[in-house]
S.K.: 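Before I ask anything, let me first share the structure, which is written out below as structure tokens.
Chain letters run A, B, ... following the sequence lines, proteins first, then strands; residues in each count from 1.
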Amino acid sequence: MSDTHKAFPFDEFEPKWQSRWDSEKTFRTPNPGEEGFDTSKPKYFVLDMFPYPSGAGLHVGHPEGYTATDIIGRYKRMRGFNVLHTMGFDSFGLPAEQYAIKTGQHPAVTTAANIENFRRQLKSLGFAYDWSREIATTDPEYVRWTQWIFLQLYSSYFCEEENKAKPVSELEAKGWSREEIDNVRLAYVADTPVWWSPDLGTVLANEEVEEWKGKGHAVERRPLRQWMLRITKYAQRLIDELDTLDWPEGIKLLQKNWIGRSEGAEVVFAIEDRSVTVFTTRPDTLFGATYMVLAPEHPFVPEITTEENKDTVEAYKKACSSKSDLDRTDLNKDKSGVFTGAVATNPVNGEQIPVWIADYVMMGYGTGAIMAVPAHDERDFEFAQRFDLAVLQVVQPSDDSDWQGYTAPGTAINSGFLDGMPTKKAKSAMIHWLVENEKGNRKIQYKLRDWLFSRQRYWGEPFPILWKDGQHFAVSDEDLPLLAPPLEDYKPSGSPEPILTKAKEWVQLPDGVTRETNTMPQWAGSCWYYLRYCDPSNSDRFISKEAEEYWTDEKPGMVDLYVGGTEHAVLHLLYARFWHKVLFDLGHVRTPEPFQKLVNQGLIMGEDGQKMSKSRGNVVNPDDVVKEYGADALRLYEMFMGPLEQVKPWQMKGVEGVYRFLARVWRLAITDEGKVSGKIQNTVCTDKELLRVVHETIKKVGEDIEKLSFNTAISQMMICTNAFTQSETVPLKEFTAFLTVLNPFAPHLSEEIHARTCGSEMLSEIDWPVYDEQALIRTECELVVQVNGKLRDRIWMAMDATEEVAKEKAFASAKVKEHIDGKTIRKVIYIPGKIMNLVAN
RNA sequence: GGCGGCUUGGCGGAAUUGGUAGACGCGCUCGACUCAAAAUCGAGUUCCUUGUGAGUGUGGGUUCGAUUCCCACAGCCGCUACCA
């Protein structure tokens, strides 16, 4: 499309309005105490998932969620809310550093350039952000408070009695030793087996491993000393408090499954003079334990293996450790394992059972050891079949299914004192017995691991930690932010030494003090950015008490609405909730949750129905769309595609469709010469039907925005435009009301037309129109008449016609008559204004 | 394997305290305008064997009436993966 074919001059007025909103600070949001702050306005906090500023720039998925929140934000402003809606950049992290290495430029340089490009793109879409609140996680002032929050974690412990975090200073006062305190800090150092990637030069969290492996990076398991965050202490609260949130049930379930709570018991088995603890969810089947399995990495394995089994055990262990993760997930392959030669004693009946090692038992979950009950566990059953181990029935199925491999609840048999008990009762009876005999106890186990929080890379927040004589201590608050030294060479070396160790002068301090050289993962910055939005330039606190109080209300979650993709369903949202809860426990924020309402936008697929990707060549660049059709058309199209949460394919023809709609609105008011059309008249609207459509539109668009049903709001505006087009004249008052409801969707076009037809005030500054109930009322309607549930006729009559009148009219209809002739009317269902169904035979 | 989501014209989708299936848009067809085309405007567009017809993935059920509620099954998409 060449310039001469533009149906309306969006390329002129879109930049014009953008710079006007910018220079007049139209969307600035005042905080309490600031100029323009109005105490009578309620707050509304709407949040986008801030982007990682990649070199590729914005893709069409970004404006989907951003337009949705922009519409909500603009709408709420017009409804008299003080709306907090701003934007920032998640600019630290491994991708930024990999990009810098690839391009040979320092990550600070590429990040700054990328942010600038993102900001340009976002501004070209006319989002009503308060840009004065923009932040980037790499800003030194932001880093300062990220590090400060880390130190809050570092100097806190989880008090089991009160089920909350408290300062470790309380333990000091109680006389706890330094070592004891270090063992309970929420941020602690541990030697743990971690996923290490030589070519990335860093460890990765369990959760990140798959992502980077998918990008072709090697990952291996090795023990390293790392910083961990004690998120497991919050497992139960992270589950329970989901119930207070207005999130999609699917996302809640994902988080619950991730945390993975299971109830059961720990049981202590004896292997000679050693005690091995196993975790089981089925203590009721203890009598059926016919063998035991340890994870190959279990520390007892070398100690209990008999001389004659040593070689096979060693060989098996070696095979397991060299097994890549891929092999392990290559599932449903035959179970493997070897006998250790050792024998364990079943505590409940003294049975001697063989001890095996097998890689189907994971060191990372439970105790790394299981009691195997092959009769009632699929995996154990498969293993027992393979190695010809004893299978003993201890549960009688509740139906006629085969007892072998029966895992559902039933009745205990062959189980001594449990015999005859239903599974549920047998479980608690066994736990009772275990406790009485000091052979075990009730146990709740979580899949959630503590959070591996350190990375060995350069582009992240350094830990504000110093070391002396093997002990760590906090950098004092006044010395924050602690910034990484400028480094020329930040490429991974292939050794697990953090990059920052290369900065020798930075690391070595007087008196034998050294700096911690690990850096934080990208998650750190994104865990609390919404808090900083509330008070972005505060240099005394991460958020002032006043700002925190103002942007919080009585709801459990601070942010009223959070919109973003499902890719963050677990990690980001779980980590942010964890940090927020710690800050809550320590009294720094007054809500227990960060995000009250969460909405996931659906993925936008390529025109071919496939996921957009460079290799498929189906990527749509928003810049191109803006250039061709304008920002309003892009915004409107992305909202018109379908429901926000649904996956939907891109269709360029669809963009043209909404572009044509915008052009129709334009032509309604503006002539080819650029003058106000004579059709627009400042007169009282006498066309009742037109008036009804306009008020219906005001009502529906408002309601649909509240429901986030933007596609149906737009279709109603199209109906309204069609009504205007068909009308002889367009009354200015009603047309302006229409422009006002269109404004959140197509802010540039609506402002421009409004400026030309009414002048004076900016549309963005006026109130949302109020619809007139009277105008909505219909007095007549088309009543649908069915005979035996089938549509036979439509008859005009008064909305409130009585059943008698309606019946009379229905029977008078020839079409109805045809179908009831010779039949007896058995029943009449009449719903005034809607339907009449005659049941006849 | 487990969990979750989805399934409506040629296409994106609309409609639920159960009440006219297919709003709105795309595409297509016809017409107006034009020397012609584009753009624009107007009319039409679920399907077929045009009927007292069929129809919201399939089969059943509840109901005067089901896209909507219940049961069973199938297909597609996403997440997860030996979690004891």
Side-chain angles (χ1 to χ4, degrees), chain A residues 1 5 7 210 248-254 256-258 260-262 264 278-282 285 293 295 328-333 335 358-362 364-373 377-380 382-383 407 445-448 566-567 569-570 600 602-603 605 609 611 636-637 640-643 645-658 660-661 663-664 667 672 709 711-719 721-722 725-726 782-794 815 818-819 826-831 833-841:
Chain A
M1 192 190 303
H5 282 113
E210 282 312 311
E249 285 306 316
I251 302 294
K252 288 187 184 181
L253 205 65
L254 275 176
K256 280 184 189 162
N257 291 344
W258 186 267
R261 177 193 155 105
S262 26
V278 305
F279 172 71
T280 177
T281 54
R282 293 295 300 271
T285 62
V293 187
R328 282 195 114 172
T329 46
D330 214 354
L331 258 200
N332 291 335
K333 284 205 169 153
K335 290 269 184 296
D359 68 355
Y360 82 92
V361 175
M362 248 53 63
Y365 180 74
T367 60
I370 62 156
M371 62 179 214
V373 184
D377 180 283
E378 270 177 52
R379 295 148 302 178
D380 296 346
E382 203 184 314
F383 192 80
T407 57
Q445 185 69 44
Y446 299 93
K447 273 196 268 184
L448 186 69
T566 351
E567 65 271 23
V570 177
N600 286 122
L603 207 60
M605 312 297 271
K611 218 174 200 165
L636 209 64
Y637 172 64
F640 188 57
M641 289 174 87
E645 303 190 55
Q646 194 167 300
V647 178
K648 35 205 181 284
W650 185 273
Q651 294 186 330
M652 217 37 120
K653 284 285 184 192
V655 184
E656 286 179 30
V658 294
R660 278 201 285 266
F661 160 67
R664 273 205 299 281
R667 278 195 305 271
D672 290 346
S709 297
N711 54 334
T712 51
I714 293 167
S715 89
Q716 182 62 39
M717 290 189 282
M718 288 172 167
I719 290 169
T721 303
N722 292 344
T725 305
Q726 270 147 32
E782 219 179 13
L783 187 79
V784 169
V785 182
Q786 297 180 335
V787 177
N788 293 330
K790 298 209 168 166
L791 175 69
R792 295 307 178 195
D793 202 4
R794 301 183 168 105
K815 289 179 192 165
E818 203 179 319
H819 294 280
R826 299 288 173 195
K827 200 171 174 184
V828 177
I829 288 108
Y830 175 56
I831 296 160
K834 283 198 167 161
I835 204 164
M836 167 167 279
N837 189 11
L838 304 173
V839 184
N841 62 12

S.K.: Applying side chain to side chain contact (heavy atoms under 4.5 Å, CB included), run through A:D380 and A:I370 and close with a yes or a no.
M.R.: CA-CA 10 Å; A:D380 296 346; A:I370 62 156; 3.5 Å; yes
S.K.: Could you work out the separation of B:U46 and B:G12 based on their C1' atoms and round it to a whole Å?
M.R.: 16 Å
S.K.: For A:H819 and B:G51, what is the distance between atoms NE2 and P respectively, to the nearest whole Å?
M.R.: 13 Å
S.K.: Do A:M605 and A:L603 pass the side chain to side chain contact (heavy atoms under 4.5 Å, CB included) test, and can you show the C-alpha distance, the side-chain angles, and the key distance before you say yes or no?
M.R.: CA-CA 6 Å; A:M605 312 297 271; A:L603 207 60; 4.0 Å; yes
S.K.: Rounded to whole angstrom, note down the C1' distance from B:G18 over to B:U67.
M.R.: 11 Å
S.K.: Just so I know, are the side chains of A:M718 and A:F640 near enough to count as touching, which here means a heavy-atom distance under 4.5 Å?
M.R.: yes
S.K.: Does B:G9 adopt a syn or an anti glycosidic conformation, taking syn as a chi angle within 90° of 0?
M.R.: syn
S.K.: If you only use heavy atoms from C-beta on, which nucleotide in B:A23, B:A84, B:C82 is closest to the side chain of A:K335?
M.R.: B:C82
S.K.: Between B:G55 and B:U20, how far apart are the C1' atoms? Round to whole Å, please.
M.R.: 15 Å
S.K.: Select base, sugar-phosphate, or nothing to describe what A:D380 touches, counting heavy atoms under 4.0 Å on all strands.
M.R.: nothing
S.K.: Please enumerate all residues that pass side-chain hydrogen bond (donor to acceptor under 3.5 Å, both in side chains) together with A:R660, with sequence neighbours excluded.
M.R.: none
S.K.: Using heavy atoms to find the nearest nucleotide of RNA chain B for A:K790 and A:R664 separately, return the residue whose nucleotide is more 5′.
M.R.: A:R664
S.K.: Provide, to the nearest angstrom, the distance between the CG atom belonging to A:L254 and the P atom belonging to B:C79.
M.R.: 10 Å
S.K.: In whole Å, what is the span from the CG atom of A:D793 to the P atom of B:U20?
M.R.: 16 Å
S.K.: From A:I251 CD1 over to A:T566 OG1, what is the distance, rounded to the nearest 0.5 angstrom?
M.R.: 6.0 Å
S.K.: Students often get this wrong, so: under 4.0 angstrom with heavy atoms, is A:K447 touching a base, only sugar-phosphate, or nothing?
M.R.: base
S.K.: Compare the minimum distances between each of B:C41, B:A84, B:A23 and the side chain of A:R667, then state the nucleotide with the smallest one.
M.R.: B:C41
S.K.: When the P atoms of B:U16 and B:A21 are considered, how many whole Å apart are they?
M.R.: 15 Å
S.K.: Which helical stems does RNA chain B take part in, if a stem means at least 3 consecutive Watson-Crick or G-U pairs with both distances below 3.5 Å?
M.R.: B:1-7 with B:74-80, B:10-12 with B:24-26, B:27-32 with B:40-45, B:57-61 with B:69-73
S.K.: Using whole Å, what does the distance between atom P of nucleotide B:C6 and atom CE of A:M605 come to?
M.R.: 16 Å
S.K.: Give A:S262 one of three labels, base, sugar-phosphate or nothing, depending on what nucleic acid heavy atoms sit under 4.0 Å from its own.
M.R.: sugar-phosphate
S.K.: Roughly how far apart, to the nearest Å, are B:U56 and B:C69 at atom P?
M.R.: 15 Å
S.K.: For A:I831 and for A:G260, find the nucleotide of RNA chain B with the closest heavy atom, then tell me which residue's nucleotide is more 5'.
M.R.: A:I831
S.K.: I'd like to know if A:K815 and A:E818 make a salt bridge, using a cut-off of under 4.0 Å between side-chain N and carboxylate O.
M.R.: no
S.K.: Which listed nucleotide (B:C24, B:C82, B:G19) is nearest to the side chain of A:M362?
M.R.: B:C82
S.K.: Regarding A:G657, tell me which of base, sugar-phosphate or nothing describes its non-hydrogen contacts under 4.0 Å with the strands shown.
M.R.: sugar-phosphate
S.K.: Does A:R660 make a side-chain N or O approach to OP1 or OP2 of B:G27 shorter than 4.0 Å?
M.R.: yes
S.K.: Go through B:G42, B:C82, B:A84 for me and flag the one nearest to the A:D359 side chain.
M.R.: B:C82
S.K.: Taking everything shown except A:E567 itself, do over 12 heavy atoms lie less than 6.0 Å from its CD?
M.R.: yes
S.K.: When you measure from the side-chain N and O atoms of A:N722 to the phosphate of B:G25, is any distance below 4.0 Å, counting only OP1 and OP2?
M.R.: yes
S.K.: Using whole Å, what does the distance between atom P of nucleotide B:G78 and atom CD1 of A:I251 come to?
M.R.: 15 Å
S.K.: Starting at atom CD1 of A:I835, determine the distance to atom P of B:G18, rounded to an integer number of angstrom.
M.R.: 14 Å
S.K.: Just the rounded figure in Å: distance from P of B:G51 to CZ of A:R792.
M.R.: 14 Å
S.K.: Is there any protein nitrogen or oxygen under 3.5 Å from a nitrogen or oxygen in nucleotides 60-66 of chain B, and what are the pairs?
M.R.:
| unit_1 | atom_1 | unit_2 | atom_2 | d |
| --- | --- | --- | --- | --- |
| B:C64 | O2' | A:N837 | ND2 | 3.4 |
| B:C64 | O2 | A:N837 | ND2 | 2.6 |

S.K.: When rounded to the nearest Å, what value does the distance between C1' atoms of B:G4 and B:A81 take?
M.R.: 15 Å
S.K.: How far does CZ of A:R826 sit from CG of A:N788, to the nearest 0.5 angstrom?
M.R.: 11.0 Å
S.K.: Please identify each residue that fulfils side-chain hydrogen bond (donor to acceptor under 3.5 Å, both in side chains) with A:T712, with sequence neighbours left out.
M.R.: A:D704
S.K.: Measuring only the C1' atom in each nucleotide, how far is B:G10 from B:G5? A whole number of Å is fine.
M.R.: 26 Å
S.K.: Figure out the CE/P separation between A:M836 and B:G19, and round it to whole Å.
M.R.: 18 Å
S.K.: How long is the span from the CG atom in A:N837 to the CG atom in A:L791, to the nearest 0.5 Å?
M.R.: 10.5 Å
S.K.: For A:Y446, what residues pass the side-chain hydrogen bond (donor to acceptor under 3.5 Å, both in side chains) criterion, not counting sequence neighbours?
M.R.: A:Q236
S.K.: Measuring from atom CD of A:E382 to atom CG of A:D377, what distance do you get when rounded to the nearest 0.5 angstrom?
M.R.: 10.0 Å
S.K.: Provide the distance between the two C1' atoms, one in B:A54 and one in B:G9, to the nearest whole Å.
M.R.: 14 Å
S.K.: Supply the atom-to-atom distance A:R794 CZ to A:I835 CD1, rounded to the nearest 0.5 angstrom.
M.R.: 10.5 Å
S.K.: Assign a letter to each nucleotide of nucleotides 10-15 of chain B from its 5' end: B, base within under 4.0 Å of a protein heavy atom; S, sugar-phosphate only; -, no contact.
M.R.: -SBSS-
S.K.: Name the orientation class of the two ring planes belonging to A:Y360 and A:F383 (parallel below 30°, tilted from 30 to 60°, perpendicular beyond 60°).
M.R.: tilted
